[in-house]
Amino acid sequence: MYGLWKPRVLGAWKVPATGPVIFAVNHSHNIDGPMVMGVAPRPTHFLIKKEAFVGPLDPFLTGIGQLKVDRASADRTPISQALGVLAAGGVLGIFPEGTRGEGDFASLRAGLAYFAVRGGAPIVPVAVLGSSKRPSRLTKALPPLRSRVDVVFGDPFDAGDGTGRRTRKALDEATERIQKQLTRHLENARRLTGR
């Protein structure tokens, strides 16, 4: 990432040095996940759509510990793998909106709350800014080479209400709390970076 773009990393010291952690990353561009993996202070295992695991990317992504998700079926394998990452004290990366979009955390899926509550892991909000501002002249799928991309890590927070409940209602309430925290972090990150 540092060879192709000019990442500016802010708040990396806020990431807990040990124990399970979930990175909740906004997602507006293809390079958001790789950028976070490349600059994060700890190795990160992202939940990634199975369509990305094609050709030589399949063994590469699998080899670096990324988790393949089939969004069209109810496959429990990636869920078990993700919970295993957290149980081992690792870092799980999630795009809580489920797919690439505006990257504004406007509509979250319940998966993030489920992993945070079930895995007992704090959430660290991560804002990637500048990756979708303008496309490269060489390829529209990437930002211009050597352009600045900001990665802003926020303060860790717990999604649960402290009761340990995992009911549908508890997860819905956790999702609301998460959305407020992520939106607040994104606003602060934009102010901090001027983006």
Side-chain angles (χ1 to χ4, degrees), residues 1-48 61 64-67 82-97 100 102-106 108 111-133 143 145-162 174-195:
M1 293 296 115
Y2 285 97
L4 297 173
W5 294 280
K6 295 189 288 189
R8 179 172 62 167
V9 181
L10 305 169
W13 58 271
K14 296 178 181 183
V15 176
T18 60
V21 173
I22 297 174
F23 288 160
V25 184
N26 68 323
H27 195 23
S28 60
H29 201 282
N30 288 331
I31 70 157
D32 296 338
M35 183 63 70
V36 172
M37 281 187 268
V39 303
R42 293 178 60 187
T44 307
H45 305 272
F46 267 92
L47 289 167
I48 302 173
L61 291 172
I64 62 171
Q66 305 314 303
L67 309 174
L83 290 171
V85 166
L86 296 173
V91 178
L92 179 65
I94 296 179
F95 299 113
E97 295 167 292
R100 198 169 50 250
E102 294 299 312
D104 58 3
F105 297 123
L108 302 189
L112 175 56
Y114 173 80
F115 287 117
V117 172
R118 178 93 197 291
I123 296 171
V124 172
V126 183
V128 180
L129 303 170
S131 61
S132 63
K133 189 155 183 137
L145 296 177
R146 305 302 302 146
S147 63
R148 190 179 89 212
V149 177
D150 293 321
V151 180
V152 184
F153 293 90
D155 293 315
F157 67 92
D158 290 320
D161 61 4
T175 299
E176 284 182 38
R177 282 191 295 279
I178 291 168
Q179 186 164 26
K180 287 177 185 168
Q181 291 275 11
L182 297 182
T183 301
R184 189 175 309 127
H185 171 67
L186 187 58
E187 289 168 359
N188 290 338
R190 286 182 172 146
R191 256 193 314 275
L192 187 65
T193 61
R195 290 189 182 257

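In this chain, residues are counted from 1 in sequence order.
- Of all heavy-atom pairs between Phe157 and Pro125, the closest is CE2-CD, 4.0 Å.
- What you find for Val21 and Ala121 is that their closest heavy atoms are N-CB, 4.1 Å.
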Pair Phe46, Leu61 - check side chain to side chain contact (heavy atoms under 4.5 Å, CB included), show working.
CA-CA 10 Å; Phe46 267 92; Leu61 291 172; over 6 Å; no
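- Heavy atoms only, all atoms of each residue included: Ala113 and Ala174 are closest at CB-CB, 3.9 Å.
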What verdict does the side chain to side chain contact (heavy atoms under 4.5 Å, CB included) test give for Ile123 and Gln181, after you've listed the backbone C-alpha separation in whole Å, the side-chain angles of each residue and the deciding distance to 0.1 Å?
CA-CA 10 Å; Ile123 296 171; Gln181 291 275 11; over 6 Å; no
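- Closest heavy-atom contact between Phe95 and Val25: CD2-O, 3.4 Å.
- The CZ atom of Arg148 sits 7.0 Å away from the OG1 atom of Thr193 when rounded to the nearest 0.5 Å.
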Going through the checks in order, is the side chain to side chain contact (heavy atoms under 4.5 Å, CB included) test met by Leu129 and Leu186?
CA-CA 9 Å; Leu129 303 170; Leu186 187 58; 3.9 Å; yes
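- Annotation: side chain of Val128 is in contact with side chain of Asn26 (closest heavy-atom distance under 4.5 Å).
- Not a single donor-acceptor pair under 3.5 Å links the side chain of Arg195 to the backbone N or O of Ala189.
- Sorted by first then second residue, the salt bridge (Lys or Arg N to Asp or Glu O under 4.0 Å) pairs that include residues 12-22, not counting sequence neighbours, are Lys14-Asp155.
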Would Val152 and His185 count as a side chain to side chain contact (heavy atoms under 4.5 Å, CB included) if you check the C-alpha gap in whole Å, the side-chain angles of each, and the deciding distance to 0.1 Å?
CA-CA 9 Å; Val152 184; His185 171 67; 3.8 Å; yes
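- Taking each heavy atom of Pro20 and Leu86 in turn, the nearest pair found is CB-O, 3.3 Å.
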